[in-house]
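Every chain is numbered from 1, with letters handed out A, B, ... down the list of sequences. None of the values given here were measured: they were computed from a predicted structure. Side-chain atoms are counted along with the backbone in the values below, which use heavy atoms only and exclude waters and symmetry mates.
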Protein chains: 2
Amino acid sequence: MAQLSDSIEHFIKELMTEDAHVELRRNELAQHFGCAPSQINYVLATRFSVDHGYIIESRRGGGGYVRIVRMQTRGEPNFLDALLNRVGNSVDEETANAIISNLFERKMITGREAALMRSAVSRNALALPISAKDVLRAAVFRNMLEQVFKNLEEDKRNDV
Amino acid sequence: MAQLSDSIEHFIKELMTEDAHVELRRNELAQHFGCAPSQINYVLATRFSVDHGYIIESRRGGGGYVRIVRMQTRGEPNFLDALLNRVGNSVDEETANAIISNLFERKMITGREAALMRSAVSRNALALPISAKDVLRAAVFRNMLEQVFKNLEEDKRNDV
DNA sequence: TCTATTGACCATCTTTGACTATTATAGCGC
DNA sequence: GCGCTATAATAGTCAAAGATGGTCAATAGA
């Protein structure tokens, strides 16, 4: 039931609860899960991309490693700008979802809000030819991103 | 004799007596009933549609699943259905905003969520000719409405 | 006629394996 | 000891295979 990829993702995130980065051996991890080493790359590519808020560094050869670093962007003044830039005029569903997950992991939005945002940018919602979909998704998504940050500001004012 | 579809419907509802949601494998279920997998989709489409009070989520690929969620909206059994009907294929911004406010007043969504939803269906977000805007807004909005109800179900599960 | 059933074809997500690229180190000739 | 090379130890890439679920039109059945 729990997919191998999901297990590996959880395992890594578990390792990162304390620290913002973790270093591991690709082959060791693969052996631990009894899978092909390239499976690890798949998990990194699909769950720990830059859009998800992670940076991967690695080194081959003897003593090689894979390091996963959670990007420190919370509170950074132009985080919103960075996101808006990333989205630009066109964005695919995968990327949008990755960014939404990232916002959730950073506790900037709730799980409910994340689900709402996903539903607004889903393929289902944007009933148009694919190329137009991406453009429209970007427009809707940018608007929601701005709102997320307004919400945070609003909360801050009310807490104080 | 009970039709296949009826048996499958009954079987699924049996599974849902305890919980308001159930997760299953399409192929397994089909095999269990000795029918084509697409038969399952037929049953879902005809007996577990939104106006029957259910919402379907699914995922393909390894570890794929079909999840069926029963909506038990407090007091008003077909509230979601009513809202979806009201929205239909085209809705203007004012109407959408009114519905959002209504959901907020009923405490079905938070203020933050309301703001997010407004941003997704705003004029700004939908950069298209006006007539197309309404159609698109309806699609985006319908998707978000369903999500609102899923969120409520989810919350209910977690509270218990 | 209306509903139910099937099957062919499509879409998406995961897993693997063969092949490639990089790095450290041991061994060798000097 | 120094520099070079071969080898071992890693990690990366990509395409194919595997594992699911979705759609739709044709057909069968009530």
May I have the distance from [X] (atom [atom1]) to [N] (atom [atom2]), rounded to whole angstrom?
X: Gln3(A); N: dT20(D); atom1: CD; atom2: P; answer: 7 Å
X: Tyr65(B); N: dG22(D); atom1: OH; atom2: C1'; answer: 15 Å
X: Arg67(A); N: dT10(D); atom1: CZ; atom2: P; answer: 17 Å
X: Arg60(A); N: dA9(D); atom1: CZ; atom2: C1'; answer: 13 Å
X: Glu23(A); N: dT10(D); atom1: CD; atom2: P; answer: 13 Å
X: Arg123(A); N: dG22(D); atom1: CZ; atom2: P; answer: 12 Å
X: Asp6(A); N: dC13(C); atom1: CG; atom2: C1'; answer: 10 Å

Problem set entry | Greater than 12 external heavy atoms within 6.0 Å of Glu94(A)'s CD | no

Problem set entry | Over 12 foreign heavy atoms within 6.0 Å of CZ, Phe33(B) | yes

Using distance alone, with no hydrogens and no angle criterion, decide if [X] and [Y] have a side-chain donor and acceptor under 3.5 Å apart.
X: His10(B); Y: Ser7(B); answer: no
X: Glu28(A); Y: Tyr65(A); answer: no
X: Asn124(B); Y: Ser122(B); answer: no
X: Asn41(B); Y: Ser38(B); answer: no

Exercise. Between Arg47(B) and Asp6(B), is there a salt bridge with N-O shorter than 4.0 Å?
Worked result: yes

Exercise. So does Lys13(A) pair up with Glu9(A), basic N to acidic O under 4.0 Å?
Worked result: yes

For this session: Taking only the side-chain heavy atoms of Asn41(A) (C-beta and beyond), determine which of dG21(D), dT14(C), dT13(D) contains the nearest atom.
Result: dT13(D)

Seminar exercise, completed: Which of dG22(D), dG12(D), dT23(C) is nearest the side chain of Ser58(B)? It is dG22(D)

Seminar exercise, completed: Comparing nearest nucleotides in DNA chain C, the 5'-proximal residue of the pair Arg47(A), Gly63(A) is Arg47(A)

Seminar exercise, completed: Whichever of Gly61(A) and Val43(A) has the more 5' nearest nucleotide on DNA chain C, that residue is Val43(A)

Exercise. Which residue, Leu44(B) or Leu24(A), contacts DNA chain D at a nucleotide closer to its 5' end, judged by nearest heavy atom?
Worked result: Leu24(A)

For [N], does either OP1 or OP2 sit under 4.0 Å from a side-chain N or O belonging to [X]?
X: Thr46(B); N: dT3(C); value: no
X: Asn27(A); N: dA11(D); value: yes
X: Arg59(B); N: dT14(C); value: yes

Got a list of side-chain donor-acceptor pairs under 3.5 Å for residues 114-121 of chain A, not counting sequence neighbours?
{"from": "Arg118(A)", "atom 1": "NH2", "to": "Ser101(A)", "atom 2": "OG", "distance (Å)": "3.1"}
{"from": "Ser119(A)", "atom 1": "OG", "to": "Leu116(A)", "atom 2": "O", "distance (Å)": "2.6"}

List every contact pair, protein side and nucleotides 16-19 of chain C side both N or O, where the distance is under 3.5 Å.
{"from": "dT16(C)", "atom 1": "OP2", "to": "Ala36(A)", "atom 2": "N", "distance (Å)": "3.4"}
{"from": "dG17(C)", "atom 1": "N7", "to": "Ser38(A)", "atom 2": "OG", "distance (Å)": "3.4"}
{"from": "dG17(C)", "atom 1": "O6", "to": "Ser38(A)", "atom 2": "OG", "distance (Å)": "2.6"}

Problem set entry | Distance-only donor-acceptor test (3.5 Å): side chain Arg26(A), base dG12(D) | yes

Exercise. For Gly62(B), which contact category applies under a 4.0 Å heavy-atom criterion: base, sugar-phosphate, or nothing?
Worked result: base

Exercise. Where along residues 91-99 of chain A does a heavy atom fall under 4.0 Å from DNA chain D?
Worked result: none

For this session: Over all heavy atoms of both residues, which pair between Arg112(B) and Asn151(A) is shortest? Give the atoms and the distance, please.
Result: O-ND2, 3.3 Å

